[in-house]
Structures are given as C-alpha cells and as structure tokens.
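Step one of this worksheet: look at the structure below.
Numbering of ligands and ligand atoms starts at 1, following listing order. Nothing here was measured: the structure is a model prediction, and the numbers come from that model.
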Amino acid sequence: MTEKNFIPSSYSSIIKEGNVTWQAPSNIALVKYWGKKEHQIPANPSVSLTLSNCATTTTLNYTKKNVETADFSFELWFEGQPKESFKPKIVKFFERILAYMPFLKAYHLKIETSNSFPHSSGIASSASGMSALALCLMSMEKELNPEMTDDYFYQKASFLARLGSGSACRSVKGSIVAWGNHQNTKGSSDLFGIEYPYTVHKKFKNYQDTILLVDKGQKQVSSTVGHDLMHNHAYAAARFKQAHENLSRLQDIFQEGNLEGFIEVVESEALTLHAMMMTSLPYFILMKPNTLQIINKIWEFRKATQIPICFTLDAGANVHVLYPEEVKAEVLQFIKSELVEFCENNQYICDKIGSGAKKI
Ligand code: PMV
C-alpha cells in the first residue's frame with residue numbers, strides 16, 4: 001500500500017450539491033507518537049484508546065461552482081460563528097490532500113463545526129476535528145464514486161486525517177487503534193491507523209478516562225514544534241526503539257488482561273513523552289506543579305488501595321486518569337475528594353473508551 005492507492009483515477013457520478021455530517025471522537029495515546037518525518041509520517045508506531053464523549057461534529061455543505069477557481073473556496077463556522085482564524089490551517093490541509101481529492105477546487109464548501117468539550121479546555125481538538133472533516137470529504141467522494149468499498153472509505157479517511165494532524169488518523173474507527181509500521185502488528189501502516197487487530201481481555205472493555213483539566217490555557221509550545229525537536233535529539237533513536245518494544249509488550253498485556261503491566265507501560269510512556277520535551281534543545285516543560293501533585297496522589301492512592309488506576313498525559317498539563325469500569329465509583333470518589341482541587345475551576349471531564357466516528 002502506498003500513497004498512490006489514494007489517488008482516484010476518475011469519478012463515475014456527477015453531483016451538484018449536498019451535505020453530510022460526521023461526529024468524530026478524540027483519542028488518547030497509550031504508546032505516544034512524538035517525532036515525525038516529512039508528510040506526517042510518524043517516527044515510531046503508536047496505539048491509542050478512542051474516546052467517546054470528547055468529540056467534534058462537522059457538517060459539510062458542498063455546491064458545485066460554475067467555473068473552477070485557482071483557490072479553495074470555503075466558509076468556516078465554529079460553534080455557530082464564522083471563524084476566520086481557523087482558515088489557514090484548513091487551507092494547509094486542503095493543499096496537502098488536493099492530490100488525493102482533485103474535486104476540491106470544483107466546489108464551494110461550507111464547514112460548520114463544534115466540539116462537545118468546553119472551548120479552551122486545553123483539550124486538543126485537532127484529532128477529532130481533522131477526522132470529522134476528513135470523513136465528511138470522504139462522504140462527498142463516495143457520492144462521486146458510489147462503488148467505493150467501506151474498507152477504502154475508512155482507510156482513506158484516516159489517511160487524509162493524518163495529513164491534517166498525525167494523531168487524527170487514530171480518531172476514525174475502532175476502540176483501540178494502532179498507527180505506524182510495527183513488525184509485530186499485522187496490517188500496520190505509517191499511512192493510516194488500523195483497528196487493533198489482536199485479542200483484548202475483557203478487563204479493558206469499557207475502560208474509563210477522566211480528564212483532569214489542570215491548565216486550560218494555550219500551550220507555550222505547539223506539538224508541531226515539539227515533533228520537530230526530535231530531529232537531532234540526543235535520545236531519539238533509543239526512544240523510537242522503546243516505542244516499538246512497548247507496543248509489543250502491550251500486545252501481551254492486552255491479551256492477558258495484565259493491569260500491572262498496562263500501568264507500567266502507560267505511565268512510562270507519558271513520562272517519556274515529557275522527558276523528550278525536557279531534553280530537547282531548546283528544552284521546555286508542559287507539566288504544571290498541579291500535574292505532579294495529581295501524579296503523586298494517584299501513586300499514593302494506588303499503593304494504599306491496590307485499585308488499578310493510572311495516568312497518562314498528552315502534550316500539555318492535563319492528566320488523563322485511566323481505570324477499569326468496575327472501580328468507577330471508588331475512583332470518582334477519590335477524584336472528587338483529592339484531585340479536583342488541582343484542576344482549574346475544579347473542572348474535569350468523564351470519558352471512556354468509544355467505538356469510533358459516526359455519520360449523523
Ligand atoms: O497529532 P499531533 O501532531 O498533535 O501530535 C500529538 C502528539 C501526542 O498527543 C503528544 C501523542 C499522541 O500520540 O497522540
């Protein structure tokens with residue numbers, strides 16, 4: 001499979017106008033993607049849990065233009081208001097995908113998008129947002145080419161989403177998604193995410209993710225800059241090798257239902273991600289004092305109760321608390337009594353493992 005598989009040869013139908021809506025979830029990586037090559041090719045494979053409640057809903061209205069213009073012609077609405085500031089990111093995305101969606105300049109597009117999670121909660125919407133938009137564009141392509149198979153539809157949606165934001169390719173299908181070539185994962189690809197293809201023990205079904213909103217502000221360093229700093233990073237080679245090993249370890253852990261192993265891999269991955277930031281040149285820190293307070297509290301609680309809760313982090317200060325559904329009541333009680341005080345405005349979001357994007 002190469003990029004060329006996603007270049008359409010011709011379309012069998014002609015459409016004048018239409019509209020489609022997709023809701024795509026966010027995802028949280030267990031093995032982290034940090035470092036990339038050209039065209040959003042990951043420097044190492046990653047695996048994520050698809051979330052359920054944190055999602056972006058996007059409606060795409062398309063109208064065929066009388067004459068094709070040299071520029072992309074589109075409007076962007078965010079939560080009911082025109083949003084000019086999002087447009088440059090979309091133009092960049094359209095430029096990257098034009099070779100795979102040659103019809104783009106023949107239409108005027110109206111993109112209306114909104115998030116289920118609070119605006120400026122410090123939760124990145126790029127994964128769910130790019131996935132929802134990619135899926136809408138695929139629905140449009142399916143109108144032009146109704147013979148398209150479902151496999152191709154979802155694979156290409158993930159492929160396109162990746163070109164918008166790497167981790168977005170893991171927000172299309174499946175409750176556990178692997179992305180990036182990995183020797184022990186059949187069907188894995190650098191080009192798109194795949195549904196995790198092996199057995200997962202029932203202990204991981206309905207896994208919970210409570211997101212503690214430690215800092216809702218804008219990140220000081222974007223993930224684009226962070227990924228770039230992995231070039232010439234002193235520990236890059238060892239880190240990329242470790243991600244491959246952790247993915248293999250997780251396969252056994254998933255199969256056996258080994259919660260202790262899960263905790264070790266997941267927390268180590270989170271801290272390694274932040275260690276890479278701290279050892280970049282220039283170096284930076286995205287954790288806040290309250291992030292560390294929460295981590296220490298989680299460790300104390302786990303030791304005292306033997307309840308298998310653990311944390312992970314994305315590229316920011318917020319903490320994702322992961323735990324099996326059966327201990328939900330105790331963990332929520334602990335979060336309310338001991339962790340909420342470290343959250344900005346006491347805010348947190350209760351989420352859980354989901355099943356992928358939905359057409360609405
Ligand atoms: O998709 P990006 O370029 O925003 O990178 C996301 C990177 C992490 O969230 C830190 C890790 C991951 O695998 O999602």
Pair E141 + K156: basic N to acidic O under 4.0 Å: yes
Contacts table for residues 90-106: side-chain donor-acceptor under 3.5 angstrom, sequence neighbours left out:
residue	atom	partner	partner atom	Å
R96	NH1	L163	O	2.5
K105	NZ	A70	O	2.8

Taking atom types as modelled, is there a side-chain donor on T56 or N115 under 3.5 Å from an acceptor on the other? yes
Result block: side-chain N/O donor-acceptor pairs under 3.5 angstrom for residues 30-38, not counting sequence neighbours:
residue	atom	partner	partner atom	Å
K32	NZ	A29	O	2.9
K32	NZ	T312	OG1	2.9
K32	NZ	L313	O	2.6
K36	NZ	Q40	OE1	2.6

In terms of relative ring orientation, are Y207 and F262 parallel, tilted or perpendicular, with 30° and 60° separating the classes? perpendicular
The protein residues that pass the under-4.0 Å heavy-atom test against ligand 1 are A29, K32, Y33, W34, S165, G166, S167, R170, S223, H227, L273, A315
Mind checking what makes side chain to side chain contact (heavy atoms under 4.5 Å, CB included) contact with Q293, not counting sequence neighbours? N290, F342
